[in-house]
Amino acid sequence: MFDFEHHLATTLTGLHFATTTLLTFVLRRLGYIQASHLPIVDLIKFVLFANFSIVGMNVSLMWNSVGFYQIAKLSMIPVSCLLEVVLDKVRYSRDTKLSIIVVLLGVAVCTVTDVSVNTKGFLAAIIAVRSTSLQQYYVHHLQRTYSLGSFNLLGHTAPAQAASLLLCGLVVDYLLTSKRVDTFPYTWTSVSSLFTQYAALIFL
């Protein structure tokens with residue numbers, strides 16, 4: 001967010017989810033999102049996975065090179081597949097396995113000159129990969145179990161993620177960057193940039 005580099009990434013993501021919450025409220029009022037049920041225990045689990053994913057990915061990008069960050073993101077593919085194999089007994093075809101290997105090898109070759117990693121960055125990447133894979137698996141699990149569409153699920157999770165990220169973001173962003181939200185330079189340019197981002201969310 002400072003100098004448009006989004007140093008306060010957790011708080012910014014919380015504001016994104018707050019915008020999404022408002023959008024889902026409007027869609028519900030218009031009838032595009034139907035009433036549905038999601039147990040509070042499952043909601044809390046999902047929010048934990050999702051928030052650890054968001055914070056982990058942001059920290060991984062801050063502490064690692066772009067190349068290692070991209071490799072970590074792509075490593076979520078085999079981890080997600082492994083979860084489905086172990087938990088749902090899914091069996092992938094030989095062609096699918098080869099496709100995943102080719103993609104991972106290609107990205108590794110393309111980014112090898114840009115890769116640098118340190119201990120704390122590596123740990124952040126592990127947390128990000130594991131939590132993001134769990135989040136993706138849990139999305140499919142919740143949709144299957146409770147017959148939820150993507151908008152229905154978003155209507156349940158967005159408010160909880162917005163509240164938790166905005167509250168935690170005040171502390172997390174300060175610990176990571178030593179910068180407080182109240183010191184953000186609220187100029188016309190910076191504020192209009194934020195509003196542009198939130199408006200763009202409506203079309204994503």
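Just so we're clear, the structure is a prediction, and the values are computed from it rather than from any experiment.
Members clustered with V171: L175, by chain and number, using a 4.5 Å side-chain heavy-atom cutoff among hydrophobic residues. In this structure, V90 shares a hydrophobic cluster with V85, Y92, the cluster being traced through Ile, Leu, Val, Met, Phe, Trp and Tyr side chains under 4.5 angstrom apart.
The closest donor-acceptor contact from the side chain of D173 to the backbone of T11 lies under 3.5 Å. Within the 3.5 Å criterion, the main-chain N or O of Y69 finds no donor-acceptor partner in the side chain of N64.
Counting heavy atoms from C-beta on, the side chains of K179 and Y174 never come closer than 4.5 Å. The closest side-chain heavy-atom distance from L123 to W63 is not below 4.5 Å.
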Test L166 against F17 for side chain to side chain contact (heavy atoms under 4.5 Å, CB included), laying out the working first.
CA-CA 9 Å; L166 287 174; F17 275 106; over 6 Å; no
Give the intermediate values and the outcome of side chain to side chain contact (heavy atoms under 4.5 Å, CB included) for residues L48 and Y138.
CA-CA 11 Å; L48 285 175; Y138 214 50; over 6 Å; no
Let's go through D88 and Y137 carefully: what are the C-alpha distance in whole Å and the side-chain angles of both, what is the deciding distance for side chain to side chain contact (heavy atoms under 4.5 Å, CB included) to 0.1 Å, and is it a yes or a no?
CA-CA 10 Å; D88 292 338; Y137 172 82; 2.9 Å; yes
For residues 73-83, which side-chain donor-acceptor pairs fall under 3.5 Å, sequence neighbours excluded?
from	atom 1	to	atom 2	distance (Å)
S75	OG	A72	O	2.5
S80	OG	M76	O	2.8
S80	OG	Q136	OE1	3.2

N/O donor-acceptor pairs under 3.5 Å from side chains in residues 23-34, not counting sequence neighbours:
from	atom 1	to	atom 2	distance (Å)
T24	OG1	T20	O	3.3
T24	OG1	T21	O	2.7
Q34	NE2	G31	O	2.7

Going by atom type alone, with no hydrogens or angles, which donor-acceptor pairs under 3.5 Å involve a side-chain atom of residues 50-59 and a protein atom two or more places apart or on another chain?
from	atom 1	to	atom 2	distance (Å)
N51	ND2	S164	OG	2.8
S53	OG	T132	OG1	2.4
N58	ND2	I54	O	3.2

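Remark: T145 pairs with H141 by the side-chain contact (heavy atoms from CB on, under 4.5 Å) rule, at least two apart or across chains.
Ring geometry, F122 versus F68: the interplanar angle falls from 30° to 60°, so the pair is classed tilted.
The minimum heavy-atom distance linking P159 with G155 is given by the pair CD-O, 3.3 Å.
A distance of 11.5 Å separates CG in L43 from NZ in K45, rounded to the nearest 0.5 Å. Atom CD in Q135 sits 15.0 Å away from atom CZ in R130 (nearest 0.5 Å). The distance from atom CG of N152 to atom NE2 of H37, rounded to the nearest 0.5 Å, is 13.0 Å. Distance CG/L87 to CG/L134: 8.5 Å, rounded to 0.5 Å. Separating the CG atom in L176 from the OG1 atom in T10 is a distance of 6.5 Å, to the nearest 0.5 Å. Taking NE2 of H16 as the start and CD of Q161 as the end, the distance is 13.0 Å to the nearest 0.5 Å.
Both L153 and F49 are part of a single hydrophobic cluster, where members link through side-chain heavy atoms under 4.5 Å apart.
None of V41, I40, V47, D42 except one satisfies the side-chain contact (heavy atoms from CB on, under 4.5 Å) rule with I44; the exception is I40.
Crowding of R94 atom CZ: a count of heavy atoms from other residues, nucleotides or ligands under 6.0 Å not exceeding 12.
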